[in-house]
> 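Following this message is one structure expressed as structure tokens.
Lettering follows sequence order; numbering is per chain, from 1.
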Protein chains: 2
Amino acid sequence: MGATKTDHFTDKQNDLSVLLKALAHPARIAIIEYLIKTEGCICGDIVNELPLAQPTISQHLKELRSAGLIQGNIEGTAICYCIDEKTWTRLQKTLNQLFEKIENKKSCC
Amino acid sequence: MGATKTDHFTDKQNDLSVLLKALAHPARIAIIEYLIKTEGCICGDIVNELPLAQPTISQHLKELRSAGLIQGNIEGTAICYCIDEKTWTRLQKTLNQLFEKIENKKSCC
DNA sequence: TTTATATATTGCAATATTACGATAAATATA
DNA sequence: TATATTTATCGTAATATTGCAATATATAAA
């Protein structure tokens, strides 16, 4: 035990949970906000910006990337990370469907 | 180590991460979808609906509730769980701000 | 080629999450 | 009061996450 039982849920439910999990950490939210804020998505600055050690940031970037929320391009010694819009569009659509259903349903409690 | 360093992030970042974390599990997404789908948010049926044991469901319900995503009202021996719309509105607003910023920014990679 | 810089990986310790059996608590009904 | 039903809690095992020091890797510049 201890591992999530993904087998029993739909692909859509699992896909959404993977995206949300990738975002569900303040450091990763801060990274996304930083990538939005900065012009040109210069990257290694994230380490200077956030109060975490370089390996920790690297790990968070890896998680964001493997979920498809960001992309990384090599630029010399540096790496340019930026938002991967396709995935964000998918996330937005899925969540908006959920939000809409909730709005249209009057709660009973 | 092992614990998230919430101190170093803003209240907004921490608040969002708590809400996303509560949703970031396929079973909890399935619970929310079930509560949306069913008329009158009858509750204990969730245990019959999902492929998880009763204590596990109870634990997931507790997490959803402590994040404020659902509410529980006692109805005889049963408990009526349903969506807590206030929190969902807050989540929707915060995420839409993020989505909007991402749409308006052209990615560089 | 050597050195400096930027990022990733490894290894590990601390903590959190997931899941469930056993059991407790609370209430309705007989 | 005794019994059945519903939900919560406890205890525990398995696994995942978080964070960092040490180190590796890769590329640019000297």
> So for atom CG, which belongs to Asp11(A), do other residues, nucleotides or ligands contribute more than 12 heavy atoms lying within a distance under 6.0 Å?
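12 or below, so no.
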> Do the charged groups of Glu100(B) and Lys105(B) touch, with an N to O distance under 4.0 Å?
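No salt bridge links Glu100(B) with Lys105(B).
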> How close or far is atom P of dA16(D) from atom NE2 of His25(A), stated in whole angstroms?
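That distance rounds to 17 Å.
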> Rounded to whole angstroms, how far apart are CD1 on Ile74(B) and P on dA26(C)?
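In whole Å, dA26(C) P lies 10 Å from Ile74(B) CD1.
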> Looking only at side chains, do Gln13(B) and Thr10(B) share a donor and an acceptor under 3.5 Å apart?
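Their side chains do contain a donor-acceptor pair, which is all the 3.5 Å distance test asks for.
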> Between His60(B) and dT17(C), is there a side-chain N or O to OP1/OP2 distance below 4.0 Å?
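It does not, given that no N or O in the side chain of His60(B) lies less than 4.0 Å from OP1 or OP2 of dT17(C).
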> Looking at Arg65(A) and Asp84(A), is there a salt bridge between them, counting it only when a charged N and a carboxylate O are closer than 4.0 Å?
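No.
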> NA contact type, Leu52(B), heavy-atom cut-off 4.0 Å: base, sugar-phosphate, or nothing?
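Sugar-phosphate, no base atom in range.
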> When you measure from the side chain of Thr4(B), which nucleotide among dT18(C), dG21(C), dT18(D) comes out closest?
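Closest nucleotide among those given: dT18(D).
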> Specify the separation, in whole Å, of atom NZ of Lys21(A) and atom P of dT17(C).
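Answer to the nearest Å: 11 Å.
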> Classify the side-chain pair Lys12(B)/Gln97(B) by whether it contains a donor and acceptor separated by less than 3.5 Å.
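Side-chain D/A pair, Lys12(B) to Gln97(B): present.
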> Given atom CD of Glu75(A) and atom P of dA28(D), what is their separation to the nearest angstrom?
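Atom-to-atom, Glu75(A) to dA28(D), this comes out as 11 Å.
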> From CD of Glu63(B) over to P of dA16(C), roughly how many Å is that when rounded to an integer?
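It is 13 Å, rounded to the nearest whole Å.
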> Around atom CG of Asp7(A), are there more than 12 heavy atoms from other residues, nucleotides or ligands closer than 6.0 Å?
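Correct, the count exceeds 12.
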> Between protein and nucleotides 3-9 of chain C, map the contacts as a letter string: B base, S sugar-phosphate only, - none, heavy atoms under 4.0 Å, written 5' to 3'.
--BSBBB
> Which whole-number value in Å describes the distance from Arg28(B) CZ to dA19(C) C1'?
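To the nearest whole Å, that distance equals 12 Å.
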> Rounded to whole Å, how long is the line connecting atom CG of Leu50(B) with atom C1' of dC20(C)?
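Whole-Å distance recorded here is 15 Å.
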> With heavy-atom distances below 4.5 Å as the criterion, would you say the side chains of Leu61(A) and Ile46(A) are in contact?
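In contact.
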> Figure out the CD1/P separation between Ile57(B) and dG21(C), and round it to whole Å.
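Atom CD1 in Ile57(B) sits about 13 Å away from atom P in dG21(C).
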